[in-house]
Engineer: 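Quick one: this structure, given as structure tokens, is what I'll be asking you about.
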Amino acid sequence: MMTHDVDVLVVGAGPTGLTAAGDLARAGRSVTVLERWPTVNPASRAFATMARTLEVLDARGLADDLLAHAHTAPGVTIFGGARIDLTQLDSPYRFAMITPQTNVDRALTGYAVAQGADVRRGIDVTGLDQDADGVTVTARAHGDNEDRHTWRARYLVGADGAHSTVRALIGADFGGKTILSSIVLADVKLAHGPAGGGLTLGSTRDVFAFLAPYERHDSDGSWYRAMVWDRNNQVPDTEPVDHDEIVGILARAMNTDLGVREVGWKSRFHCDERQVAQYRHGRVFLAGDAAHVHSPMGGQGMNTGIQDAANLAWKIDAALAGADDAVLDSYHAERYPIGKRVLLQSGLMARGVTLHPRVARGLRNLLAPRLLRMPSVRDAVAGSFAGTTLRYAHRDGDNPLVGTRGTQIPLTQDRLTQLQRHFPGFVFVREHGTPEVDVVGVLQAERGDRGPAVLVRPDGYIAWAGDSANRSQWAAALARWTASGVGAASPFVVAESRQLS
């Protein structure tokens with residue numbers, strides 16, 4: 001039996017696993033990804049990439065190419081004509097990017113491989129043991145009981161989806177329940193798309209349909225990703241999806257004939273609300289759908305998983321460089337509440353869409369449009385939906401900016417995400433007009449406005465804010481998250497040198 005040694009083993013080559021693998025490889029770590037599917041799974045459910053995730057992708061040089069071949073939706077029309085308006089977001093990306101998850105997978109695979117990650121497909125994980133020094137994984141080629149291998153890694157990221165083998169092997173409970181059954185996803189060509197464009201939801205007491213436009217048109221119509229559901233047609237996931245089922249639900253939910261010209265890929269599934277109690281299990285970390293699943297309403301699944309990975313990868317890299325173990329504990333502390341919030345808001349939307357009592361639906365249709373026309377409510381809902389207003393908790397005594405994202409801080413040169421394409425470590429943004437500070441291994445930039453100095457973490461969130469002249473404060477914040485602190489080489493210097501050479 002052959003044994004392979006790596007710094008980090010990632011199980012699952014979806015968006016979550018590929019983001020983690022690419023980030024760790026970019027930091028100079030040896031990474032192997034094990035994926036049970038022999039080829040890229042064409043049956044991807046996700047199709048909406050939100051503003052905060054686009055910022056994460058931009059920091060890795062991926063957003064521009066994806067957007068060049070995608071549709072952008074400035075808002076989401078929901079029940080009662082209410083609209084979630086994304087055009088006022090505090091982000092360069094004031095829209096949702098609509099493109100099949102397979103395109104995001106392809107971009108992230110290219111990123112991970114280019115950074116040096118070893119992506120191996122058609123591998124089933126069969127065993128997992130961990131000790132004080134690392135994790136041992138046994139695996140075999142998919143469908144081959146003879147071709148067995150062993151991997152030894154310092155840390156393991158379980159990003160292998162809702163039916164996670166890693167989660168089962170470590171014995172993590174996945175508590176929760178099924179909230180909707182017999183949901184159908186399909187790619188449909190429509191002669192007459194819904195008025196107003198963008199993301200559109202239509203519903204009655206018994207059916208709903210959600211349409212997301214793709215950037216694919218011809219003389220015969222335009223392509224959309226459709227999600228449809230019928231209260232009175234609840235069948236197992238294994239039941240084939242009929243063409244007439246999709247056409248009929250679309251017509252009833254949208255109250256018009258959209259002229260379905262063609263139905264492409266289609267699938268039936270159910271959705272659960274589940275979350276593990278702990279994201280960290282010793283040297284094993286759960287991320288993405290392996291840690292949390294929820295209603296597809298709001299398109300949060302892929303986005304939350306990618307952001308899990310962006311939070312986790314740099315912390316594993318820091319731990320490998322000798323940072324305090326508490327840095328790894330912060331992954332659960334920061335991402336578990338976000339996952340819980342996503343479950344809540346996507347669940348509320350699912351329950352709102354499928355309300356059955358007439359009085360309740362009437363109140364919903366009356367109140368939702370009025371509330372979403374109020375600027376404060378509009379911006380709060382849109383920011384939560386897009387991920388731009390989500391923040392991490394800060395400690396007592398910290399500046400209130402700590403835990404918020406630093407992406408929108410104006411700089412004298414380039415955007416933060418543009419700088420992060422080449423320097424994946426900490427960024428010290430000093431006040432406008434002030435000289436550089438004396439620190440090794442941290443990229444520096446200058447604010448373009450009159451705000452305070454900030455120390456930005458590799459995932460784009462602020463670790464400290466204040467006066468750059470107060471060296472002891474920002475040095476302590478840097479030391480809290482890294483092995484080296486101030487004046488010593490950072491673990492990110494290797495990655496910077498490699499990319500610039």
Side-chain angles (χ1 to χ4, degrees), residues 1-36 108-109 111-113 115-142 147-161 164-172 276 278-288 290-291 305 308-325 327-332 335 424 458 483 491-492 494-495:
M1 184 181 294
M2 185 177 296
T3 300
H4 312 269
D5 289 301
V6 293
D7 291 326
V8 184
L9 192 65
V10 177
V11 181
T16 303
L18 292 168
T19 301
D23 285 5
L24 284 158
R26 183 168 66 158
R29 304 302 176 184
S30 58
V31 185
T32 295
V33 182
L34 303 181
E35 168 57 53
R36 68 179 302 271
L108 286 168
T109 299
Y111 164 68
V113 171
Q115 299 303 324
D118 178 17
V119 180
R120 303 195 180 197
R121 296 187 177 275
I123 304 293
D124 285 331
V125 171
T126 58
L128 187 158
D129 293 293
Q130 60 175 312
D131 53 43
D133 299 316
V135 183
T136 301
V137 167
T138 54
R140 59 179 174 82
H142 189 60
D147 186 12
R148 294 180 176 271
H149 294 260
T150 300
W151 271 268
R152 178 70 176 171
R154 296 279 299 281
Y155 297 101
L156 183 144
V157 178
D160 50 342
S164 170
T165 298
V166 171
R167 189 182 62 235
L169 288 172
I170 61 175
V276 292
Q278 289 291 327
Y279 284 18
R280 181 184 184 186
H281 295 259
R283 290 178 172 268
V284 178
F285 302 85
L286 298 175
D308 284 347
N311 181 287
L312 175 61
W314 71 269
K315 294 174 179 178
I316 292 178
D317 176 66
L320 287 167
D324 192 280
D325 194 65
V327 171
L328 294 175
D329 288 335
S330 74
Y331 167 63
H332 170 85
R335 292 306 299 174
F492 296 102
V494 173

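Numbers here are sequence positions counted from 1. Heavy-atom basis, side chains included; hydrogens, waters and symmetry copies ignored.
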Engineer: Could you check whether any side-chain N or O of Asp324 sits under 3.5 Å from a backbone N or O of Val327, counting only pairs where one atom can act as donor and the other as acceptor?
Structural biologist: no
Engineer: Quick check: does any side chain N or O of His149 sit under 3.5 Å from a backbone N or O of Ala139, one acting as donor and the other as acceptor?
Structural biologist: no
Engineer: Any side-chain heavy-atom pair from Tyr331 and Asp308 closer than 4.5 angstrom?
Structural biologist: yes
Engineer: Walk me through it: do Leu34 and Leu9 pass the test side chain to side chain contact (heavy atoms under 4.5 Å, CB included)?
Structural biologist: CA-CA 8 Å; Leu34 303 181; Leu9 192 65; 4.0 Å; yes
Engineer: Do Arg154 and Leu320 touch side chain to side chain, with heavy atoms closer than 4.5 Å?
Structural biologist: yes
Engineer: I'd like to check the ring pair (Phe, Tyr, Trp, His ring centres under 6.0 Å) partners of Tyr155; sequence neighbours left out, ordered by chain and number.
Structural biologist: none
Engineer: Quick one: salt bridge (charged side-chain N to carboxylate O under 4.0 Å, His left out) partners of Asp118, sequence neighbours excluded?
Structural biologist: Arg120
Engineer: How about Val157 and Ile316: do any of their side-chain heavy atoms sit closer than 4.5 Å?
Structural biologist: yes
Engineer: Using modelled atom types and a 3.5 Å cut-off, is there a donor and acceptor pairing between side-chain atoms of Thr19 and backbone atoms of Pro15?
Structural biologist: yes
Engineer: Give me the atom names and distance for the closest heavy-atom approach of Val31 to Ala25.
Structural biologist: CG2-N, 3.8 Å
Engineer: Under a 4.0 Å N-O cut-off, is there an ion pair linking Arg152 with Asp5?
Structural biologist: no
Engineer: Should His332 and Phe285 count as side-chain neighbours, where that means a heavy-atom distance under 4.5 Å?
Structural biologist: no
Engineer: Tell me, do Trp151 and Thr3 make a side-chain contact under 4.5 Å, heavy atoms counted?
Structural biologist: no
Engineer: Might you point out which heavy atoms bring Gly158 and Ala290 nearest each other, and give the distance in Å?
Structural biologist: O-CB, 3.5 Å
Engineer: Taking Arg335 for its side chain and Asn311 for its backbone only, find out whether a donor-acceptor pair lies under 3.5 Å.
Structural biologist: no
Engineer: Applying side-chain contact (heavy atoms from CB on, under 4.5 Å), name anything that partners Leu128, two or more places apart in sequence or on another chain.
Structural biologist: Val135, Val137, Leu156, Val166, Leu169, Ile170, Val284
Engineer: Ala313: what forms a side-chain contact (heavy atoms from CB on, under 4.5 Å) with it, not counting sequence neighbours?
Structural biologist: Asp23, Leu24
Engineer: Determine yes or no for a side-chain-to-main-chain donor-acceptor pair under 3.5 angstrom, with Arg283 supplying the side chain and Ala132 the backbone.
Structural biologist: yes
Engineer: If you look at every heavy atom in Ala287 and Thr16, which pair is closest and at what distance?
Structural biologist: CB-CG2, 3.7 Å
Engineer: Kindly compute the distance separating CG (Leu286) from CZ (Arg167), expressed to the nearest 0.5 Å.
Structural biologist: 7.5 Å
Engineer: Would the distance check show the side chain of Gln115 and the main-chain N or O of Ala27 forming a donor-acceptor pair, the cut-off being under 3.5 Å?
Structural biologist: no
Engineer: Does a salt bridge link Arg29 with Asp317, judged by any charged N lying under 4.0 Å from a carboxylate O?
Structural biologist: yes
Engineer: Can you list everything that forms a salt bridge (charged side-chain N to carboxylate O under 4.0 Å, His left out) with Arg140? Sequence neighbours excluded, please.
Structural biologist: Asp124
Engineer: Counting C-beta onward and ignoring hydrogens, is there a side-chain heavy-atom pair between Thr32 and Val10 closer than 4.5 Å?
Structural biologist: no
Engineer: Check Gly322 against Ala483 and note the closest heavy-atom contact, atom names and distance.
Structural biologist: C-CB, 3.4 Å
Engineer: Could you work out, with side-chain contact (heavy atoms from CB on, under 4.5 Å) as the rule, every residue matching Asp329, not counting sequence neighbours?
Structural biologist: Arg280, Asp325
Engineer: Minimum heavy-atom separation for Pro458 to Pro424, with atom names?
Structural biologist: CB-O, 3.2 Å
Engineer: Judged by atom type as modelled, is there a donor-acceptor pair below 3.5 Å linking the side chain of Thr126 to the main-chain atoms of Thr138?
Structural biologist: yes
Engineer: Rounded to the nearest 0.5 Å, what separation is found between the CG atom of Asp129 and the OG1 atom of Thr136?
Structural biologist: 6.5 Å
Engineer: If you look at every heavy atom in Val125 and Thr165, which pair is closest and at what distance?
Structural biologist: O-CG2, 3.5 Å
Engineer: Counting N and O atoms only, with roles assigned by atom type, does the side chain of Asp7 sit under 3.5 Å from a partner on the main chain of Ser30, one being a donor and the other an acceptor?
Structural biologist: yes
